[in-house]
Amino acid sequence: MSALVLVLNAGSSSLKYQLLDADSGTVSASGVVERIGEPDAKAVARHTVSGEATTRDVDAPDHHAAMRVVLDAFATDGPPLRPQDLYAVGHRVVHGGDLFRSPAIVDDAVIDAIEDLVPLAPLHNPGNLAGIRAARAAFPTTPQVAVFDTAFHQTLPPHAFTYAVPREWRERHRVRRYGFHGTSHAYVSRRLATLLGRDVSETNVVVLHLGNGASAAAVAGGACIDTSMGLSPLEGLVMGTRPGDLDPALPSHLAREGVPIEDYDRALNAGSGLRGLTGTNDFREVERLVEAGDPDAALALDIVTYRIAKYVGSYAVALGRLDGIAFTAGIGEHSPRLRAEVLARLGMLGIRVDPDRNSGGPAERVVTSDDSAVPAWVVPTNEELEIARQTLAVLR
Ligand code: ADP
């Protein structure tokens, strides 16, 4: 039996997919349907086979229709996607709360549980669920597996996941640190141990997932012991459009100033971080502005790199011994400048960047010098492969 897995990442208005062999990692097709259910615009579908992309305007009023668009793309542009060839469908699900420590084979009870967690991830779980329902309808006899962004962080000890807030909030409203990007942190931390030539169970690393969303994780012997995102993906590092850590007094202060809660939510999810500081959330643009002498962009870069370095320092303390640091995701993989500035702030840990090794694109490599007390690496993430592997593992 092949290990062919269709990986789906369904958002509120998008459906991303990748068809890949979970054993070899070979991707046979990938694509995305965007603007699902938008009243004023046609949805757009892009399907890529062997590096060749086909883009079409399509009708996709909901995720079921989007799923049909995906099946049509496979039928028209290939490769053939026959249910009998498919081992499973693997779904990215953002919030598994404290209910899911590992991937789950989807049944009605799992769907109910994901539904029950919607209040904790109102922007994400509903889209994920729509994708699961559409895929179950399209592939009724194929096993479906939910892989949770939070699951890898369920090993956090209570002192790392508990907020010092009233018991009622913690018990009744499920307020605690959950953490996100777990699939990426799991993949990259394991990969880094392999690259370091060490057994995962004896390796302590910090993973810096720096994309539009950004988070850090401290991983000891393969188990996550702390992470920077919390109850929601807003906490921690400064991100593309989110602020990261803030004073908890901010909402009540702004409420007294007359700022409505909806504006507050929108500003913290979409108008803060790099965008709030510079006007753009595109890190390439921020780098261009810094080059051009823009003071806001220079300050933003300082804030971002200072915050990351503070987390690495605190996680070095939490881990007790630091064997390696991994930079991953869009900014972590592509920006030598970001890496150099973060590593320069970590000199007291004996870390030394090597400018030649650090220059250039997203290839897997060490970027510190041989005399650096801790090696830092670029480790490109591969969340789809990790979802496919976890999907296969739970079924086998
Ligand atoms: P997402 O969280 O949306 O998956 P990505 O991991 O794709 O995000 O990262 C997106 C970020 O990576 C953007 O800020 C983008 O500007 C940045 N990025 C992509 N390529 C480069 C590059 N060559 N140099 C600097 N930043 C880059």
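Worth knowing before you read on, the calculation uses all heavy atoms, side chains too, and leaves out hydrogens, waters and symmetry mates. First listed ligand is number 1; within each ligand, the first listed atom is number 1.
The presence of a protein heavy atom under 4.0 Å from atom 3 (O) of ligand 1 is confirmed.
Two residues are said to be in side-chain contact when any heavy atoms from C-beta on lie closer than 4.5 Å; Ser13 and Arg35 fail this criterion. Side chains of Ser184 and Glu386 form no contact here, defined as non-hydrogen atoms less than 4.5 Å apart. Within the 4.5 Å cutoff, the side chain of Val353 has no heavy atoms near those of the Ile351 side chain.
Taking CD1 of Ile114 as the reference point, atom CZ of Phe148 lies at 4.0 Å (rounded to 0.5 Å). Distance check: Arg68 CZ to Leu71 CG gives 9.0 Å after rounding to the nearest 0.5 Å.
Assignment of Gly213 to the shell around ligand 1 is supported, since a heavy atom sits closer than 4.0 Å. By the 4.0 Å heavy-atom criterion, Asn281 is counted among the residues contacting ligand 1.
Scanning all protein heavy atoms for the shortest distance to atom 17 (C) of ligand 1 gives Ile331 CG1, 3.6 Å. Closest to atom 24 (N) of ligand 1 among all protein heavy atoms lies Arg284 CG, 3.5 Å. The closest protein non-hydrogen atom to atom 8 (O) of ligand 1 is Asn212 N, 3.1 Å. Atom 16 (O) of ligand 1 has its closest protein heavy atom at Asp282 OD1, 2.5 Å. Remark: minimum distance from atom 6 (O) of ligand 1 to any protein heavy atom is reached at Gly330 N, 2.9 Å. Regarding atom 23 (N) of ligand 1, its nearest protein heavy-atom neighbour is His334 CB, 3.4 Å.
In terms of polar-atom proximity, defined here as any N/O pair under 3.5 Å, Leu210 makes no such contact with ligand 1. For ligand 1, the polar-atom distance check finds an N/O of Phe283 within less than 3.5 Å of one of the ligand's N/O atoms. Inclusion of Ser335 in the set of residues having an N or O under 3.5 Å from an N or O of ligand 1 is not warranted.
Taking a 6.0 Å sphere around CZ of Arg136, one finds it holds more than 12 heavy atoms contributed by other residues, nucleotides or ligands. Enclosure of atom CZ in Arg167 is not indicated, since only 12 or fewer non-hydrogen atoms of other residues, nucleotides or ligands lie within 6.0 angstrom.
Residue Glu285 does not touch ligand 1, judged by heavy-atom distances below 4.0 Å.
Ring centroids of Phe327 and His209 are separated by 6.0 Å or more, keeping the two rings apart.
Geometrically, Arg176 engages Phe161 in a cation-pi contact, judged by NZ or CZ lying under 6.0 Å from the ring centre and within 45° of the ring axis.
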